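Notes to accompany the following structure.
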Amino acid sequence: MQLIPVVDLKGGVVVRAHRGEREAYRPIVTPLSPSARPRDVVAGLLSLAPFRTLYVADIDAITGAGRNDDAIAELVRAFPGLDLWVDAGERDPAQIVARARSRLGTSIVGTEVLGEADVEAALAVDGVILSLDHDAAGPRGPARAHRDARLWPARVIVMTLARVGSGEGPDMAALERTGRLAEGQGAAPALYAAGGVRGPADLEALARAGVAGALVASALHDGRIDAESARRWA
């Protein structure tokens with residue numbers, strides 16, 4: 001299993017995410033970095049462990065309030081060895097292909113921004129990553145994207161927004177449900193957990209469950225996952 005650190009970008013800086021309440025996100029304060037500047041925060045995360053992959057959520061792009069393209073481009077230049085997974089609210093196949101060609105990361109398509117008519121075309125683009133987004137009320141976005149595993153790409157994130165930054169533990173039920181659905185339809189994507197990871201015990205539990213990776217932010221900044229644990233799963 002792979003531990004994947006997360007940075008959420010808003011207004012050009014890294015913000016602390018909590019339960020998907022994006023209007024309340026504020027610039028991060030962390031012992032890993034002297035500032036909330038993306039380059040500083042990522043350098044701090046890499047001081048813990050040689051992470052191979054970084055998940056970047058462009059909150060402004062997802063919510064239609066702007067974009068953080070310059071910050072993402074700076075991360076690509078500063079950390080050329082990192083594989084960036086970028087959630088920037090993209091659903092148009094042309095946008096997804098353009099990101100890949102520009103070498104500004106791999107597009108994540110979140111169901112929360114998908115329209116019913118977008119599902120097949122967006123998820124058919126080579127290399128794309130699907131995020132099955134859930135909030136406290138349940139799945140977000142087209143039901144077909146959540147229920148038809150035959151459309152899913154090779155990598156699927158099970159994103160429980162209500163648990164992001166909550167410290168309540170990963171949504172094991174959603175992961176198990178997603179795995180059963182995929183298996184029942186003859187699909188075998190690699191599943192990644194997002195939201196709620198508290199510390200090393202949760203990482204152990206996810207690994208035992210066969211999860212391919214865990215997206216984590218708060219537990220790294222708060223020290224609940226220390227350098228030794230981070231290196232083990234990096």
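All figures in this text were calculated on a predicted structure; none of them were measured in a lab.
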For [X] and [Y], which heavy atoms make the closest approach, and how far apart are they?
{"X": "Leu175", "Y": "Leu191", "value": "O-CD1, 3.9 Å"}
{"X": "Trp152", "Y": "Ala145", "value": "NE1-O, 2.7 Å"}
{"X": "Met172", "Y": "Ala209", "value": "CE-CB, 3.9 Å"}
{"X": "Pro142", "Y": "Glu116", "value": "CB-OE1, 3.5 Å"}
{"X": "His221", "Y": "Arg16", "value": "CB-NH2, 4.1 Å"}
{"X": "Glu90", "Y": "Ser107", "value": "OE1-OG, 2.5 Å"}

| request: Go through the steps for Val15 and Leu9 under the test side chain to side chain contact (heavy atoms under 4.5 Å, CB included), then give the verdict. | output: CA-CA 6 Å; Val15 292; Leu9 303 180; over 6 Å; no
Quick one: does [X]'s side chain get under 4.5 Å of [Y]'s, heavy atoms only?
{"X": "Val14", "Y": "Asp8", "value": "no"}
{"X": "Ile72", "Y": "Val56", "value": "yes"}
{"X": "Pro189", "Y": "Arg155", "value": "no"}
{"X": "Thr53", "Y": "Leu84", "value": "no"}
{"X": "Trp233", "Y": "Gln2", "value": "no"}

Is it possible for you to say whether [X] and [Y] belong to one hydrophobic cluster, with membership spreading through side-chain heavy-atom contacts below 4.5 Å?
{"X": "Val128", "Y": "Leu114", "result": "yes"}
{"X": "Leu104", "Y": "Tyr55", "result": "no"}
{"X": "Phe79", "Y": "Val13", "result": "no"}
{"X": "Leu132", "Y": "Leu161", "result": "no"}
{"X": "Ile108", "Y": "Val125", "result": "no"}

Find the distance between [atom1] ([X]) and [atom2] ([Y]) and round it off to the nearest 0.5 Å.
{"X": "Gln185", "Y": "Arg180", "atom1": "CD", "atom2": "CZ", "result": "12.5 Å"}
{"X": "His146", "Y": "Thr178", "atom1": "NE2", "atom2": "OG1", "result": "9.0 Å"}
{"X": "Met1", "Y": "Arg208", "atom1": "CE", "atom2": "CZ", "result": "10.5 Å"}
{"X": "Leu75", "Y": "Leu82", "atom1": "CG", "atom2": "CG", "result": "8.5 Å"}
{"X": "Thr63", "Y": "Lys10", "atom1": "OG1", "atom2": "NZ", "result": "7.0 Å"}

| query | Would Arg144 and Glu120 count as a side chain to side chain contact (heavy atoms under 4.5 Å, CB included) if you check the C-alpha gap in whole Å, the side-chain angles of each, and the deciding distance to 0.1 Å? | reply | CA-CA 10 Å; Arg144 188 180 179 202; Glu120 285 196 40; 2.6 Å; yes
Give the table of side-chain donor-acceptor pairs shorter than 3.5 Å for residues 35-49, with sequence neighbours excluded, one pair per line with atom names and distance.
from, atom 1, to, atom 2, distance (Å)
Ser35, OG, Arg37, N, 3.1
Ser35, OG, Asp40, OD2, 2.6
Arg37, NH2, Glu74, OE2, 2.4
Ser47, OG, Gly44, O, 2.5

| message | Apply side chain to side chain contact (heavy atoms under 4.5 Å, CB included) to residues Ile225 and Val216 and explain how you reach the verdict. | response | CA-CA 9 Å; Ile225 296 176; Val216 181; 4.0 Å; yes
Could you give the side-chain donor-acceptor pairs of residues 194-207 under 3.5 Å, partners two or more places apart or in another chain?
from, atom 1, to, atom 2, distance (Å)
Arg198, NE, Asp202, OD2, 2.8
Arg198, NH2, Asp202, OD1, 2.8
Asp202, OD2, Arg198, N, 2.8
Glu204, OE2, Arg232, NH1, 2.4
Glu204, OE2, Arg232, NH2, 3.4

For the pair [X] (side chain) and [Y] (backbone), establish whether a donor and an acceptor sit closer than 3.5 Å, ignoring hydrogens and angles.
{"X": "Asp133", "Y": "Thr111", "result": "yes"}
{"X": "Asp60", "Y": "Arg67", "result": "no"}
{"X": "Ser102", "Y": "Arg99", "result": "yes"}
{"X": "His134", "Y": "Ala174", "result": "no"}
{"X": "Glu112", "Y": "Ser131", "result": "no"}
{"X": "Asp171", "Y": "Thr160", "result": "no"}
{"X": "Asp222", "Y": "Arg224", "result": "no"}

| field | Passing candidate, side chain to side chain contact (heavy atoms under 4.5 Å, CB included) with Ile129, options Val86, Thr106, Ile96, Val156 | value |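 Among the candidates, only Thr106 passes.
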| task | Answer yes or no: is there an ion pair linking Arg91 with Asp118, defined by an N-O contact shorter than 4.0 Å? | result |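 Between Asp118 and Arg91 there is a salt bridge, with a charged N closer than 4.0 Å to a carboxylate O.
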| task | Measure from the ring center of Trp85 to the ring center of Tyr192 and say whether it is less than 6.0 Å. | result |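 That pair passes the under 6.0 Å test.
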| task | Given side chain to side chain contact (heavy atoms under 4.5 Å, CB included), test Ile59 with Tyr25 step by step and report yes or no. | result | CA-CA 10 Å; Ile59 303 300; Tyr25 290 5; 4.1 Å; yes
